[in-house]
Engineer: 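If you scroll down you'll find the structure; I have some questions about it.
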Amino acid sequence: MVRSPRVRLFHWRAVEAGPLVAKLRAAGYDVVHHSETQSPSVREIRESGSVAVVIDLSRMPSHGRYVGAWLRGSKSTRGIPLVFVGGEAEKVAAIRKEIPDAVYTTVEGIRGALKKAIANPPPEPVVPRQMMQAAPGRTAAQKMGIREGSVVGLIDPPADYARVLGELPPGVAMEEDPQRVCEVTLWFVHDAGEYEAELPKRRMLAARSRLWILWQKGRRDGLNGNFVRAAALTMGLVDYKICSLDGVWSGMVFAVKKARR
């Protein structure tokens, strides 16, 4: 039995993904769908033999933008063709500027777009480093919006957190395990299981504070940006910025997701 070529679809609203999934299957593809609560690892994508990754931009384009950058940032997935679908013109243009060698299309044009992407993969895929990093020369504190006179809450900080944050603006006060609301809260995550267990208790910090959830880069136990985002989404949180603090730590800032009217 001949196996259908596999594509991975990132669509953040499972209930709205049906038409696109149907078109992909009608075109002869085996579809693995990832929604807002399902984030695969780089290893899973690499070893699955996917011929392309399809990323929907009609919902949460910042998530789609991040996934594209994440895939291009890893040598093992960089060569997989990317196809972005839908989205508002202005936001699509911004992503196209950063990943110009991906294929951009509509739901109706997905069959031809996939055929084109698979037949003509970019020989040297663009790695959009600027999408994952803040402007050069800025301190970690500046990247995270820590301003003069801010009170910053620290949850499980590493011993060298002062080095990680670098130079601070005048008048900034640091409080470990704060008992009051702080303008900015930095939650340093060290263990995946503990993170999931603590999320229900910590989630409402995002309603009262700029909540940054931070993790160490290059871990092999599954604790990475996709894991952090997926777990937070199940708790009603949505990220709106990601940055690299230094060579060890990365982070995302979260807000409470607004109810749809």
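What's counted below: heavy atoms across the whole structure, side chains too, no hydrogens, waters or symmetry copies.
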Engineer: Do R229 and L237 come within less than 4.5 Å of each other through their side chains, counting heavy atoms only?
Structural biologist: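 The answer is no; the side chains never approach within 4.5 Å.
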Engineer: Identify all side-chain donor-acceptor contacts of residues 212-219 below 3.5 Å with residues at least two apart in sequence or on another chain.
Structural biologist:
from: W212; atom 1: NE1; to: M144; atom 2: O; distance (Å): 3.1
from: Q216; atom 1: OE1; to: R219; atom 2: NH1; distance (Å): 3.4
from: K217; atom 1: NZ; to: S244; atom 2: OG; distance (Å): 2.5
from: K217; atom 1: NZ; to: D246; atom 2: O; distance (Å): 2.5
from: R219; atom 1: NE; to: D221; atom 2: OD1; distance (Å): 3.2
from: R219; atom 1: NE; to: D221; atom 2: OD2; distance (Å): 3.4
from: R219; atom 1: NH1; to: H190; atom 2: O; distance (Å): 3.0
from: R219; atom 1: NH2; to: H190; atom 2: O; distance (Å): 2.9
from: R219; atom 1: NH2; to: D221; atom 2: OD2; distance (Å): 2.5

Engineer: For M174, run the side-chain contact (heavy atoms from CB on, under 4.5 Å) check against V151, L165, L186 and tell me which one passes.
Structural biologist: L165
Engineer: Do V189 and Y161 share a hydrophobic cluster (ILVMFWY, side-chain heavy atoms under 4.5 Å, transitive)?
Structural biologist: no
Engineer: Between L57 and I95, what is the shortest heavy-atom contact and its length?
Structural biologist: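 That closest heavy-atom pairing would be CD2-CD1, 3.7 Å.
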Engineer: Could you check whether any side-chain heavy atom of I242 comes within less than 4.5 Å of a side-chain heavy atom of D239, counting everything from C-beta outward?
Structural biologist: no
Engineer: Anything under 3.5 Å between a donor and an acceptor, one on a side chain of residues 107-118, the other on a protein residue two or more places apart or in another chain? List them.
Structural biologist:
from: R111; atom 1: NH2; to: A26; atom 2: O; distance (Å): 3.4

Engineer: Donor-acceptor check, side chain of K241 to backbone of K143, threshold 3.5 angstrom: yes or no?
Structural biologist: yes
Engineer: E175 side chain to A173 main-chain N or O, any donor-acceptor pair under 3.5 Å?
Structural biologist: no
Engineer: Over all heavy atoms of both residues, which pair between Y195 and V228 is shortest? Give the atoms and the distance, please.
Structural biologist: OH-O, 2.8 Å
Engineer: Given side chains that start at C-beta, do those of R72 and I99 come closer than 4.5 Å, heavy atoms only?
Structural biologist: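 Sidechains of I99 and R72: in contact.
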Engineer: Rounded to the nearest 0.5 Å, how far apart are CG of D156 and CG of D191?
Structural biologist: 10.5 Å
Engineer: Which pair of non-hydrogen atoms, one from I146 and one from P169, has the smallest distance, and what is that distance?
Structural biologist: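 In terms of heavy atoms, the two residues are closest at O-CG, 3.3 Å.
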Engineer: Does the side chain of Y29 come within less than 4.5 Å of K23's, by heavy atoms?
Structural biologist: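 K23 vs Y29: side chains apart.
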Engineer: Which residues satisfy the side chain to side chain donor-acceptor pair (under 3.5 Å) test with S58, sequence neighbours excluded?
Structural biologist: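 Partners of S58 by the side chain to side chain donor-acceptor pair (under 3.5 Å) criterion, ordered by chain and then number, come out as D56.
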Engineer: State, to 0.1 Å, how close T106 and V85 come at their nearest heavy-atom pair, and which atoms those are.
Structural biologist: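 Looks like C-CG1, 3.7 Å.
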Engineer: Is there a path of hydrophobic side-chain contacts, each under 4.5 Å between heavy atoms of I, L, V, M, F, W or Y residues, that connects Y240 with L245?
Structural biologist: yes
Engineer: Identify, with sequence neighbours excluded, every residue that meets side chain to side chain donor-acceptor pair (under 3.5 Å) alongside D30.
Structural biologist: R6
Engineer: Return the orientation label for the F84 and Y104 ring planes: parallel under 30°, perpendicular over 60°, tilted otherwise.
Structural biologist: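 Parallel: the ring planes of F84 and Y104 meet at under 30°.
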Engineer: Side chain of H33, backbone of H11: donor and acceptor closer than 3.5 Å?
Structural biologist: yes
Engineer: Side-chain contact test, heavy atoms from C-beta onward, threshold under 4.5 Å: evaluate it for P61 versus E88 and give yes or no.
Structural biologist: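 With C-beta onward as the side chain, the pair stays apart.
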Engineer: Contact between V7 and V53 at the side-chain level, heavy atoms closer than 4.5 Å - yes or no?
Structural biologist: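 The answer is no; the side chains never approach within 4.5 Å.
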Engineer: Grab the two heavy atoms, one from E148 and one from P170, that are nearest each other, plus how far apart they are.
Structural biologist: CG-O, 3.1 Å
Engineer: Residues in side chain to side chain donor-acceptor pair (under 3.5 Å) with R96, at least two apart?
Structural biologist: none
Engineer: Please output the side-chain donor-acceptor pairs of residues 202-209 that fall under 3.5 Å, not counting sequence neighbours, one pair per line with the distance.
Structural biologist:
from: R202; atom 1: NE; to: E198; atom 2: OE1; distance (Å): 3.3
from: R202; atom 1: NH2; to: E198; atom 2: OE1; distance (Å): 3.4
from: R203; atom 1: NE; to: M235; atom 2: O; distance (Å): 2.6
from: R203; atom 1: NH2; to: M235; atom 2: O; distance (Å): 3.0
from: S209; atom 1: OG; to: C182; atom 2: O; distance (Å): 2.8
from: S209; atom 1: OG; to: E183; atom 2: O; distance (Å): 3.4
from: S209; atom 1: OG; to: T185; atom 2: N; distance (Å): 3.2
from: S209; atom 1: OG; to: T185; atom 2: OG1; distance (Å): 2.9

Engineer: Taking C-beta and beyond as the side chain, do F188 and I155 meet within less than 4.5 Å on heavy atoms?
Structural biologist: no
Engineer: V152 versus V172: any side-chain heavy-atom pair under 4.5 Å?
Structural biologist: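 Yes; the side chains approach each other to less than 4.5 Å.
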Engineer: Go through the steps for V164 and V248 under the test side chain to side chain contact (heavy atoms under 4.5 Å, CB included), then give the verdict.
Structural biologist: CA-CA 8 Å; V164 175; V248 177; over 6 Å; no
Engineer: Would W249 and V184 show up in the same hydrophobic cluster when neighbours are defined by side-chain heavy atoms closer than 4.5 Å?
Structural biologist: yes
Engineer: Would you name the heavy atoms of V127 and R78 that are closest together and state the gap between them?
Structural biologist: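 So the minimum-distance heavy-atom pair works out to CG2-NE, 3.3 Å.
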